[in-house]
Every structure is written in structure tokens, then in C-alpha cells.
Amino acid sequence: MLDINYIIENKEIVIKKLLVKNFESKEIIEELELLNKKRKIIIKELEYKRSEINNISKKIGELFKEKKIQDAAKLKEESVNIKNSFGDMESNLFNIENKINDKILRIPNIPEESVKNQTENEIIKEKNKKINITEESLPHWELIKKFKLVDFELGNKITGSGFPVYTNKGAKLQRSLINFFLEENIKAGYEEIIPPLLVNKESAFGTGQIPDKDEVMYHIERDNFYLIPTSEVPVTNILRDKTLEKENLPIKYTSYTPCFRREAGSYGKDVRGLNRIHQFDKVEIVQITNPETSYKTLQEMVNHIEGILMKLELPYRILRLCGKDLSFASSLTYDFEVYSAVQKKWLEVSSVSNFETFQSNRLNLKMKSKSKKTLCHTLNGSSLALPRIVAAMLENNQQKNKIGLPKELQKYTGFEFIEK
RNA sequence: GGAGGAAUGGCAGAGUGGUCGAAUGCGGCGGUCUUGAAAACCGUUGUACCGCGAGGUACCGGGGGUUCGAAUCCCUCUUCCUCCGCCA
């Protein structure tokens with residue numbers, strides 16, 4: 001959520017920058033400006049009247065002490081009159097503030113300076129795309145059947161489409177990847193968190209999932225909880241309504257959780273196999289930083305994730321997202337994709353973003369230095385999302401009757417190959 | 001799930017209708033003293049909003065109500081504690 005005063009004071013710049021995200025904001029900002037003026041006028045009058053009532057009440061108190069009951073009764077009447085003159089002011093103010101809120105929540109975050117108004121994502125780096133596959137090479141959805149790693153039919157039976165059952169070495173591979181990612185993150189100074197998988201609406205609001213994107217989340221009506229679409233939600237909300245000491249920053253959290261996404265309406269060949277499912281495993285990294293250093297932090301996170309992908313010996317590329325592809329809350333995002341040789345497709349496995357103050361403003365997450373309080377910057381990234389890593393790894397490393405695993409991962413799996 | 005109790009500033013803890021935005025202690029910040037530090041002493045110390053400013057308004061778990069006036073009374077929700085029940 002952007003700050004209303006900032007929007008109004010920097011109207012022209014904000015409008016221009018939001019166009020980079022393909023968001024036309026002129027009208028909405030002008031409406032905001034008008035509403036804000038109305039708001040201030042009402043507040044001024046209302047607070048003046050309230051202060052009058054407060055004064056009268058004080059006098060009444062004194063008169064009561066002096067037993068001047070009649071004088072007090074007179075003042076009471078006066079006070080009631082003032083209160084009656086409020087009219088609809090209070091409800092008007094309430095309505096205006098609601099309208100302001102609604103509008104401001106519809107405005108996306110401002111993209112970072114270097115994001116240009118282009119529709120092409122910039123490829124920052126591309127590594128090791130050459131893979132030895134043959135005519136007989138299978139896509140991962142065939143491989144997982146052949147080697148009995150993941151059972152989608154079983155998931156259909158137990159739950160429904162998009163809830164795979166990992167079996168045997170497929171299950172062990174999941175657990176090994178999770179451990180590998182967590183250990184890499186912990187080595188890099190991240191504190192491990194196991195958060196709740198269900199969150200309340202305040203938490204979903206804090207990181208920006210509601211009101212705009214509530215259709216991606218499963219919602220438990222009876223208790224009004226949401227299943228988390230990413231551990232970013234509970235983990236970032238650890239610090240909701242906190243003021244942190246400047247010298248305690250940055251705060252670095254890592255967390256493995258299953259993630260639940262409704263992915264309404266997406267069926268077809270793009271979602272075959274592990275490409276897109278309703279429940280998947282992901283390890284996340286989150287950082288809360290001093291606003292002055294957040295872009296340095298973003299780079300550090302990108303380097304860290306790149307290091308993990310290198311250890312997995314997967315072909316990958318890093319994209320710097322264009323304005324059009326930036327998410328609602330993000331100022332700058334780098335996407336990581338791994339190459340899936342049989343599908344001949346790049347698969348997104350991580351998205352690393354700096355949200356600047358967009359989340360912290362909703363979260364009321366501040367930093368204190370000397371006597372000054374300022375909003376922190378929040379950042380997060382996947383390190384990493386498992387299904388597509390598994391898909392690419394299986395496809396790229398397949399041999400005749402087995403699938404090889406990267407050395408670094410073997411320490412965790414305890415086996416070098418997946419065999420029949 | 002049932003019965004009872006509680007929620008106050010960074011923390012601890014007073015306050016049960018009127019100079020209470022809130023005593024006191026601890027902590028924090030500034031100072032005196034000291035070669036330096038500690039101790040002691042003095043001062044200071046919440047947030048948001050409106051206003052050029054003086055100043056004002058709101059906030060004592062959340063929401064609503066009673067009243068001229070609410071931390072204090074009433075309703076409701078949430079969370080915590082004690083007891084009972086159930087339970088991995």
C-alpha cells in the first residue's frame with residue numbers, strides 16, 4: 001500500500017511510474033486528492049466540536065463538585081446541542097475514509113527506477129543450456145510413472161486434481177531437496193522458521209494477498225482462515241506491528257512449507273505433470289531491511305539463489321522482469337528459470353522481489369534509528385520451489401534405466417541414482 | 001466443548017464515572033560527578049491524525065453501546081490463565 005501523502009505530493013511522478021506497470025492512475029489519484037481534501041475539512045470541524053464538548057464536560061465536573069447542579073444542567077443541554085449538530089459528519093467521515101482506503105489498495109507498487117516500460121523481460125544471465133537428450137528421452141510426467149516417484153491418480157482419489165502423492169524415492173527426493181535448500185539458507189545466515197499453514201485475514205492482508213488476490217487462496221469459511229499460498233505470508237507477518245532497532249537489521253528468515261494455490265481455471269498442457277499443482281513444497285527466504293540497503297540485499301539474495309542452482313547442476317537463467325510482468329506489490333523482481341530439456345521450456349522456480357515499503361506500510365513494520373521511525377523494506381524469494389526443479393532434474397539427467405542426481409544432493413538422498 | 005478469572009505505555013504494575021494520556025518501579029535517552037566505568041543524583045521518555053503555528057482530536061486487547069463526560073458501566077468478539085471433559 002502506497003502512502004497517500006506521498007501519492008498526492010508526487011502526483012505526476014507516481015502517475016508516470018505506474019504507467020511502466022501498465023497501470024493508468026491519473027483518475028484514481030485525482031479522486032483520492034479530492035476525497036482527502038473533504039476528509040480534512042470534516043476532521044477539522046468535527047475535532048473542533050469535540051474539543052468544545054470536552055471543555056464543557058470538564059466544567060460540568062467542576063460544577064458538580066461545587067454542588068451547582070442547576071448550572072451543570074444548563075451546560076449539559078449545551079453539550080447535547082453540539083452533539084446533535086454533528087449530523088452525519090461522523091458517518092460521512094467514515095465513508096470517505098473507507099473510499100480512500102479502497103482506492104489506495106487498488107494502486108500497485110511503484111516500479112524501481114531502472115524498470116523500463118517494456119514488455120520484454122531482460123535476460124541477465126543464462127547458463128549451461130546444452131543438455132544431452134535423445135529421441136527416447138521422456139518428459140517428467142512419464143518418468144515419474146516409470147520410476148514410481150509421484151502418483152497423480154492416487155492424489156485424485158484422496159483429494160482431487162493437482163494434489164500429487166509422492167512415493168518411495170520420489171518422497172525421499174522431496175525431503176532431501178527441502179533439507180538441502182534449508183541447510184544452504186541457514187549457512188547463509190537465515191533463521192529457520194516453521195510457521196502456521198493457516199493464516200487469518202489480517203495476515204493475508206499484510207502481505208497483500210487480500211483484497212486483490214484472494215481467489216488464489218483456499219479459504220476455510222467456518223473459521224475464516226486462509227491456507228497459505230507461500231510461507232512469505234506467515235513469515236513476513238511475524239513482524240507485523242513491530243518497530244525494530246536499526247542495528248538488528250537485516251532480519252533473515254527461511255522457511256519450508258507446503259503451499260496451496262487454487263489456480264482456478266488453469267488446465268491443459270502447460271500444467272501437465274508437476275508444472276502447476278494445487279499443493280507443492282517450497283522453501284522461502286525473507287529479509288527485512290533498512291530502506292537504504294534493500295537493493296544491495298536483493299542482489300545478495302539473487303546471488304544466493306544462483307549458488308543453489310549451480311550446486312544442483314541445472315541449466316538456469318535469470319530474468320529481470322519488465323514493468324508489465326512485475327507483481328502488484330513488487331518494485332523490482334528477478335525470476336529464476338530452469339531449463340526442462342524434454343519439454344523444451346524454461347520453468348520458473350523462483351521469484352525474488354523487493355517490495356520496498358509496500359508491504360511494511362500495510363504491516364505497520366518500522367525501524368527505529370535515533371528518535372526517527374521509518375518503514376522497513378521487505379524482500380522475499382523462493383529458494384526454491386520444488387516441483388519444477390524436480391521436473392527439470394528428472395528430464396535433464398535421465399539415462400537409459402536410471403536418473404542421475406547432482407553430487408551435492410546425494411549427501412541428502414543417500415543414493416546416486418533413481419533406478420527402477 | 002463446559003465453568004470461572006484476566007487483558008493498561010518497551011516491560012512490570014496502580015488506577016473502578018470528572019484536571020487520567022494515565023501513579024510508581026525497571027528499562028531507554030540526555031546531563032552532573034569520575035582519569036574511565038559503575039553507583040548515586042537531576043532531567044527526559046508512546047503512537048497516529050488535523051493545524052503554518054499556538055494548539056487540538058483519537059487511542060488503556062478489537063468492535064459497538066450508555067453518559068454532558070468512560071481505562072473505569074453494559075453488550076459482543078479475540079487472546080491468555082485456572083478447573084472439568086475430550087484428545088495426538
Side-chain angles (χ1 to χ4, degrees), chain A residues 1-9 32-105 194-206 210 219-226 234 237-249 251 288 357 359-376:
Chain A
M1 176 170 75
L2 295 176
D3 177 65
I4 185 163
N5 293 321
Y6 178 82
I7 296 175
I8 290 172
E9 278 161 32
L32 271 176
E33 217 176 347
L34 194 70
L35 285 168
N36 201 39
K37 268 184 198 155
K38 280 189 191 167
R39 174 179 152 261
K40 287 185 178 182
I41 289 168
I42 296 178
I43 285 179
K44 211 172 162 182
E45 202 177 331
L46 197 60
E47 289 191 348
Y48 176 72
K49 289 188 177 193
R50 277 188 189 147
S51 115
E52 276 193 310
I53 290 177
N54 284 345
N55 282 333
I56 291 173
S57 297
K58 232 176 243 175
K59 276 185 207 154
I60 291 175
E62 284 161 20
L63 288 173
F64 265 106
K65 261 182 199 154
E66 295 164 29
K67 302 250 155 73
K68 291 179 180 165
I69 309 294
Q70 284 201 337
D71 293 350
K74 230 184 238 175
L75 282 179
K76 266 190 202 182
E77 211 177 297
E78 206 178 306
S79 177
V80 171
N81 284 340
I82 295 173
K83 214 176 186 188
N84 288 339
S85 76
F86 277 18
D88 296 329
M89 278 165 72
E90 277 175 325
S91 62
N92 279 348
L93 182 63
F94 182 76
N95 286 337
I96 286 174
E97 284 177 340
N98 275 342
K99 272 187 199 164
I100 288 176
N101 229 357
D102 284 350
K103 287 188 195 300
I104 231 166
L105 288 175
I194 301 181
L197 307 182
L198 275 62
V199 295
N200 57 29
K201 62 177 192 305
E202 287 78 13
S203 295
F205 174 83
I210 52 175
H219 181 227
I220 296 169
E221 218 161 292
R222 187 164 176 169
D223 299 290
N224 201 13
F225 292 145
Y226 296 89
N237 271 283
I238 290 173
L239 297 163
R240 170 150 52 89
D241 291 320
K242 290 277 182 203
T243 300
L244 307 166
E245 298 293 336
K246 184 185 172 188
E247 55 269 25
N248 292 337
L249 295 174
I251 292 192
I288 314 297
T357 59
Q359 288 183 330
S360 62
N361 195 23
R362 288 173 166 228
L363 291 160
N364 186 26
L365 166 52
K366 292 179 179 165
M367 159 193 110
K368 191 166 76 184
S369 65
K370 299 242 164 92
S371 57
K372 255 193 175 171
K373 280 189 179 181
T374 46
L375 292 169
C376 295

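Per chain, numbering begins at 1; letters A, B, ... match sequence-line order.
- The backbone N or O of A/C376 sits less than 3.5 Å from a side-chain atom of A/S360, completing a donor-acceptor pair.
- For A/K103, the NZ atom sits in a packed shell: over 12 heavy atoms of surrounding residues, nucleotides or ligands are nearer than 6.0 Å.
- Under the side chain to side chain contact (heavy atoms under 4.5 Å, CB included) rule, A/F205 has a single partner from A/L105, A/N237, A/N200, A/L363, which is A/L105.
- Of the C1' atoms belonging to B/rG65 and B/rC81, the separation is 28 Å, rounded to the nearest Å.
- The nearest whole Å value for the distance from the CD1 atom in A/I96 to the P atom in B/rC50 is 14 Å.
- Atom CG in A/N224 sits about 13 Å away from atom C1' in B/rC77, given to the nearest Å.
- Taking the P atom of each, B/rA88 and B/rC73 are spaced 42 Å apart, rounded to whole Å.
- Summarising the base pairing, B/rA48 is matched to B/rU57 through a Watson-Crick or G-U wobble pair whose two defining distances lie under 3.5 Å.
- The nearest whole Å value for the distance from the CE atom in A/M89 to the P atom in B/rU57 is 14 Å.
- As rounded to the nearest Å, B/rC80 and B/rC74 have C1' atoms that lie 23 Å from one another.
- When side chains are defined from C-beta on, A/I69 counts as touching A/F64, because their heavy atoms get closer than 4.5 Å.
- Within the shown strands, nothing qualifies as a pairing partner of B/rG36 under the Watson-Crick or G-U definition with both distances less than 3.5 Å.
- Spacing of P atoms, B/rU19 relative to B/rG69, comes out at 14 Å, to the nearest Å.
- A heavy-atom distance below 4.5 Å is found between the side chains of A/N224 and A/H219.
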What's touching nucleotides 62-69 of chain B from the protein side, N or O pairs under 3.5 Å?
from	atom 1	to	atom 2	distance (Å)
B/rC68	O2'	A/S57	OG	3.2
B/rC68	O2'	A/S79	OG	2.6
B/rG69	OP1	A/K83	NZ	3.0
B/rG69	O4'	A/S57	OG	3.0

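- If you take CZ of A/R39 and C1' of B/rG51, they are 13 Å apart, rounded to a whole angstrom.
- Both A/K65 and A/S51 lie close to RNA chain B; mapped to their nearest nucleotides by heavy-atom distance, the more 5′-ward contact belongs to A/K65.
- Here the side chains of A/Y6 and A/N361 are not in contact, with every heavy-atom distance at 4.5 Å or above.
- A distance of about 22 Å separates the C1' atoms of B/rC11 and B/rA48, rounded to the whole Å.
- The residue A/K242 sits apart from the nucleic acid: no heavy atom pair falls under 4.0 Å.
- Picking from B/rU57, B/rU47, B/rC50 the nucleotide with the shortest atom distance to the side chain of A/K44 gives B/rC50.
- Taking atom CG on A/L63 and atom C1' on B/rG17, their separation rounds to 17 Å, with Å as the unit.
- A gap of 6 Å separates the C1' atoms of B/rG9 and B/rG46, to the nearest Å.
- Of the listed nucleotides (B/rG51, B/rU57, B/rU47), B/rG51 has the atom at the smallest distance from the side chain of A/K40.
- Computed from coordinates, the A/N364 CG to B/rC49 C1' distance equals 14 Å when rounded to whole Å.
- Of the nucleotides present, B/rC42 is the one that pairs with B/rG30 by Watson-Crick or G-U wobble criteria, both distances under 3.5 Å.
- Between A/K68 atom NZ and B/rG18 atom C1' the separation is 16 Å, expressed in whole Å.
- Using a 4.5 Å cut-off on side-chain heavy atoms (C-beta onward), A/D3 and A/T357 make no contact.
- Across the strands present, B/rA6 finds its partner in B/rU79; the criterion is a Watson-Crick or G-U wobble pair with both atom distances under 3.5 angstrom.
- Taking a pair to require two hydrogen-bonding distances under 3.5 Å in either a Watson-Crick or a G-U wobble arrangement, B/rU72 remains unpaired.
- Nucleotides B/rU34 and B/rA54, compared at atom C1', are 43 Å apart to the nearest Å.
- Of all nucleotides present, none satisfies the Watson-Crick or G-U wobble test against B/rA14 with each distance under 3.5 Å.
- For B/rG1, the paired base is B/rC84 (Watson-Crick or G-U wobble, both distances below 3.5 Å).
- Judged by distance alone, the side chain of A/S79 and the main-chain N or O of A/L75 form no donor-acceptor pair under 3.5 Å.
- Rounded to a whole angstrom, the distance from the C1' atom of B/rG43 to that of B/rG36 is 24 Å.
- For NZ of A/K99, the number of neighbouring non-hydrogen atoms (other residues, nucleotides, ligands) closer than 6.0 Å is 12 at most.
- Rounded to whole angstrom, the span from the CD atom of A/E97 across to the P atom of B/rC50 amounts to 10 Å.
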